[in-house]
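See below for the structure under consideration.
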Amino acid sequence: MDYRSTVAQGPSLSQLTADALMLVLTGDLSKTADPVLDQLIRDAIVNGDFELKGGRCLYVHRPVGVKAARLVLLVAADASPKAFKAAVVKGLAQIKDLGAAHVAVAGAAGLGLTADHAQSLVLGVSDATYIYRHTKPTAAKPGMLKKMSLVVPQDAASTVKTGLAQGQAVAEGVTLARELGNRPANYCTPTYLASEAKRLAKEFPHIKTEVLDRPALEKLGMGSFLSVTNGSVQPPKFIILRYNGAAASQAPLVLVGKGITFDTGGISLKPGAGMDEMKFDMGGAASVLGTFRAVAELKPKINLIGLVPTCENMPSGASTKPGDVVTSMSGQTIEVLNTDAEGRLILCDALTYAERFKPAAVVNVATLTGACVVALGHVHSGLYCADEPLAQALLNAGMHTQDTAWRMPMDEEYGESLKSNFADMGNVGGREGGANTAAVFLSKFTKAYRWAHLDIAGSAWKSGGAKGGTGRPVGLLTRFILDQAGAGKDAIAPLPAKLVKPVARKTVRRG
Ligand code: BES
Ligand code: MN
Ligand code: ZN
């Protein structure tokens, strides 16, 4: 898809050359300053065909006096990027099966389209037009739509253009993450994820990829990670991605992504119903790869490291058994009380490995707990972070990209149930507050740097009729990185230049 910004003022909207014109209004902003369109809107309201209420939509074919052959009137709930995106997606559903190749989108006079509106438009359109075909080549053919232009006044043109470009880069990252998530586990193996990482390095000169195999992981002492792979015939991989956009002396941001390409639960086997969805258990890994793709295109002045421990969690005669004790790379021993709590076992070694980069901050991304899905559903990712500015920066990045996170508590009390008689800690606590306990477990391996953890168990994919990966939280992560690099237009809460070790907080409120 080709995204453009087109400059046009109110009076010329009806004369715009496009196959379809989408007009986004709000309850308060319903005038376009184009007399033809304004009359048409008034008539539609008077005739009872249209109302200035959020969510309303009216398709008009060959409107008299309008150059575009198709017109869609849309009412957004308000003037926010989020509501604008919802309106455009609704309009797209009206015309995506029609013959329009070029769709122009314009807002009511005074709507004030910003870079965030532009980015939201691209992300919305990309999301709505994605089709999974890798193992279903007979899936519906893509529609006729080839080009979208966002119509703005002259003074907004350059901001909007930046927003469109940013949106496009992020959308490509989101699509990559989504596609990797959707690929079945017999296609998307740890070896396959490693080859995808290498492909990124081939395509983008700023990315370098290194892949560690079992002997190297044994040498590093990653006993916890390796204990998860015991039952699988697929070899484990540890993927290291580097993006160098700043001086080598600048401390990097590190992203760590859980890459379980299939989670059966191991000997603590999961029930059969819905187990297919555990192919999405590499959503964290996919979002790290997707974010690297977006970043490689946007080229912010920052250094970035991606760490992806990836393997399968399978039952077999060689599998780790409940009660087995493993030694993590940090030296801390772990009693594996439940082999289905495997995410934290692979992540803890990656988090210890992250220390060698002397990171400015580390962000861990994982489909970690069913408890997080119970708590937050599929709306927000769970954010665990005892470092106030880091937490605020991540929350803000999510708000600006409609890829939101919700602050969750990480008090030490949640870790009390991790005590073990046979090791430094167990890998599970009780059922209650399970997402918080998992976060406290990870925190035991992150004392050397500023750290945040996103539990994306609910946000990384959808179940039911719309079953499929979402590509989240590529939007949040990319925005966070751009903000930290100062490349984002709305850098909100940059981390202080002098990084102070966070003071552990007793109680954590949502910010
Ligand atoms: N991958 C799952 C978490 C998960 C469950 C994600 C459901 C999305 C939907 C993780 O490895 C897991 O199995 N967690 C266990 C932990 C428990 C044994 C402490 C869980 O949440 O049940
Ligand atoms: Mn599991
Ligand atoms: Zn898992």
**Request:** Apply side chain to side chain contact (heavy atoms under 4.5 Å, CB included) to Tyr449 and Val254, showing your working.
**Result:** CA-CA 10 Å; Tyr449 43 70; Val254 179; over 6 Å; no
**Fill in**
Between Val174 and Thr470, the two heavy atoms sitting closest are CG1-O, 3.6 Å
**Asked** Just wondering, more than 12 heavy atoms not from Phe422 lying within 6.0 Å of its CZ?
**Response** no
**Prompt:** Judged by atom type as modelled, is there a donor-acceptor pair below 3.5 Å linking the side chain of Ser224 to the main-chain atoms of Leu345?
**Reply:** yes
**Asked** Between Asp324 and Lys321, is there a donor-acceptor pair closer than 3.5 Å when you use the side chain of the first and the backbone of the second?
**Response** yes
**Request:** Determine yes or no for a side-chain-to-main-chain donor-acceptor pair under 3.5 angstrom, with Arg178 supplying the side chain and Gly469 the backbone.
**Result:** yes
**Message:** Using only atom types and a distance under 3.5 Å, with no angle test, would you say the side chain of Thr229 pairs donor to acceptor with the backbone of Leu226?
**Reply:** yes
**Message:** So does Arg344 get a backbone contact from the side chain of Asn427, meaning a donor-acceptor N/O pair under 3.5 Å?
**Reply:** no
**Message:** Would the distance check show the side chain of Asp349 and the main-chain N or O of Phe225 forming a donor-acceptor pair, the cut-off being under 3.5 Å?
**Reply:** yes
**Request:** Supply the atom-to-atom distance Thr404 OG1 to Asn396 CG, rounded to the nearest 0.5 angstrom.
**Result:** 12.0 Å
**Message:** For Ser227, is there any backbone N or O sitting under 3.5 Å from a side-chain donor or acceptor partner on Thr320?
**Reply:** yes
**Message:** One thing to verify: whether Lys467 and Asp276 come together as a salt bridge, which I'm taking to mean a side-chain N less than 4.0 angstrom from a carboxylate O.
**Reply:** yes
**Asked** Phe238 vs Tyr353 aromatic rings, parallel, tilted or perpendicular, using cut-offs 30° and 60°?
**Response** perpendicular
**Request:** Please report the C-alpha distance between Arg479 and Val170 in whole Å, then the side-chain angles of each, then the deciding distance to 0.1 Å, and finally whether the side chain to side chain contact (heavy atoms under 4.5 Å, CB included) criterion is met.
**Result:** CA-CA 9 Å; Arg479 180 59 174 258; Val170 176; over 6 Å; no
**Asked** When rounded to the nearest 0.5 angstrom, what distance separates CG in Asn303 from NE2 in His206?
**Response** 10.5 Å
**Request:** Return yes if a side-chain donor-acceptor contact under 3.5 Å exists between Ser417 and Tyr414, otherwise no.
**Result:** no
**Message:** Does Lys82, at its NZ atom, have more than 12 non-hydrogen atoms belonging to other residues, nucleotides or ligands within less than 6.0 Å?
**Reply:** no
**Item:** Identified side-chain hydrogen bond (donor to acceptor under 3.5 Å, both in side chains) counterpart of Lys270 within the set Thr264, Asp340, Asn313
**Value:** Asp340
**Message:** If the threshold is 4.0 Å, N to carboxylate O, is there a salt bridge linking Asp127 and Arg472?
**Reply:** no
**Message:** Can you confirm whether Phe262 sits close enough to Met282 that some side-chain heavy atom of one is under 4.5 Å from a side-chain heavy atom of the other?
**Reply:** no
**Prompt:** Going by heavy atoms in the side chains, are Cys188 and Leu193 under 4.5 Å from each other?
**Reply:** yes
**Message:** Exactly one of Thr401, Leu304, Thr291 should register a side-chain contact (heavy atoms from CB on, under 4.5 Å) with Leu477. Which one does?
**Reply:** Thr291
**Asked** In terms of the angle between their ring planes, are Trp451 and His453 parallel, tilted or perpendicular, with boundaries placed at 30° and 60°?
**Response** parallel
**Message:** Determine whether a donor-acceptor pair (N or O, by modelled atom type, separation under 3.5 Å) exists between the side chain of Thr339 and the backbone of Gly265.
**Reply:** yes
**Prompt:** Are any of the side-chain heavy atoms of Asp403 and Leu123 separated by less than 4.5 Å?
**Reply:** no
**Asked** Do NZ/NE/NH1/NH2 and the carboxylate oxygens of Asp2 and Lys146 come within less than 4.0 Å?
**Response** no
**Request:** May I ask you to decide if Ala423's main-chain N or O and Thr333's side chain share a donor-acceptor pair within less than 3.5 Å?
**Result:** no
**Request:** Using the six-membered ring wherever Trp is involved, compare the ring planes of His117 and Phe84 and label them parallel, tilted or perpendicular (cut-offs 30° and 60°).
**Result:** perpendicular
**Prompt:** Taking all atoms of both residues into account, what is the closest heavy-atom pair of Ala76 and Val24, and its distance?
**Reply:** CB-CG1, 3.9 Å
**Request:** Start with the C-alpha gap between Phe445 and Gln332, add the side-chain angles, then the distance that decides, and say whether side chain to side chain contact (heavy atoms under 4.5 Å, CB included) holds.
**Result:** CA-CA 9 Å; Phe445 300 85; Gln332 300 175 89; 3.5 Å; yes
**Item:** Arg293 side, atom CZ; Ile207 side, atom CD1 - distance, nearest 0.5 Å
**Value:** 8.5 Å
**Asked** Would Cys348 and Ile334 satisfy side chain to side chain contact (heavy atoms under 4.5 Å, CB included), going step by step from the backbone distance to the final call?
**Response** CA-CA 11 Å; Cys348 69; Ile334 304 163; 4.0 Å; yes
**Residue pair Ile346 / Pro309: nearest heavy atoms and the distance that separates them** = CD1-O, 3.5 Å
**Asked** What is the minimum heavy-atom distance between Ala185 and Thr261, and which atoms define it?
**Response** CB-O, 3.4 Å
**Message:** Is a donor from one side chain sitting under 3.5 angstrom from an acceptor on the other, for Ser463 and Glu277?
**Reply:** yes
**Message:** Restricting to non-hydrogen atoms, name the atom on Ala197 and the atom on Leu289 that form the minimum distance, rounded to 0.1 Å.
**Reply:** CB-CD2, 3.9 Å
**Prompt:** Any chance the side chains of Ser459 and Ser381 put a donor and an acceptor closer than 3.5 Å?
**Reply:** yes
**Asked** Rounded to the nearest 0.5 Å, what separation is found between the CD atom of Gln168 and the CG atom of Leu298?
**Response** 10.5 Å
**Request:** Hey, could you give me the NZ/CD distance between Lys85 and Gln119, rounded to the nearest 0.5 Å?
**Result:** 9.0 Å
**Message:** Measuring from atom CZ of Arg407 to atom CG of Leu395, what distance do you get when rounded to the nearest 0.5 angstrom?
**Reply:** 6.5 Å
**Item:** Nearest heavy atoms of Lys258 and Leu368, plus distance in Å
**Value:** NZ-CA, 4.2 Å
**Under 3.5 Å donor-acceptor, Ser319 side chain and Gly266 backbone** = no
**Prompt:** Charged N to carboxylate O under 4.0 angstrom, Glu355 versus Lys447?
**Reply:** no
**Asked** Do Met222 and Leu212 have side chains that get closer than 4.5 Å, going by heavy atoms?
**Response** no
**Asked** Are any of the side-chain heavy atoms of Arg214 and Pro235 separated by less than 4.5 Å?
**Response** no
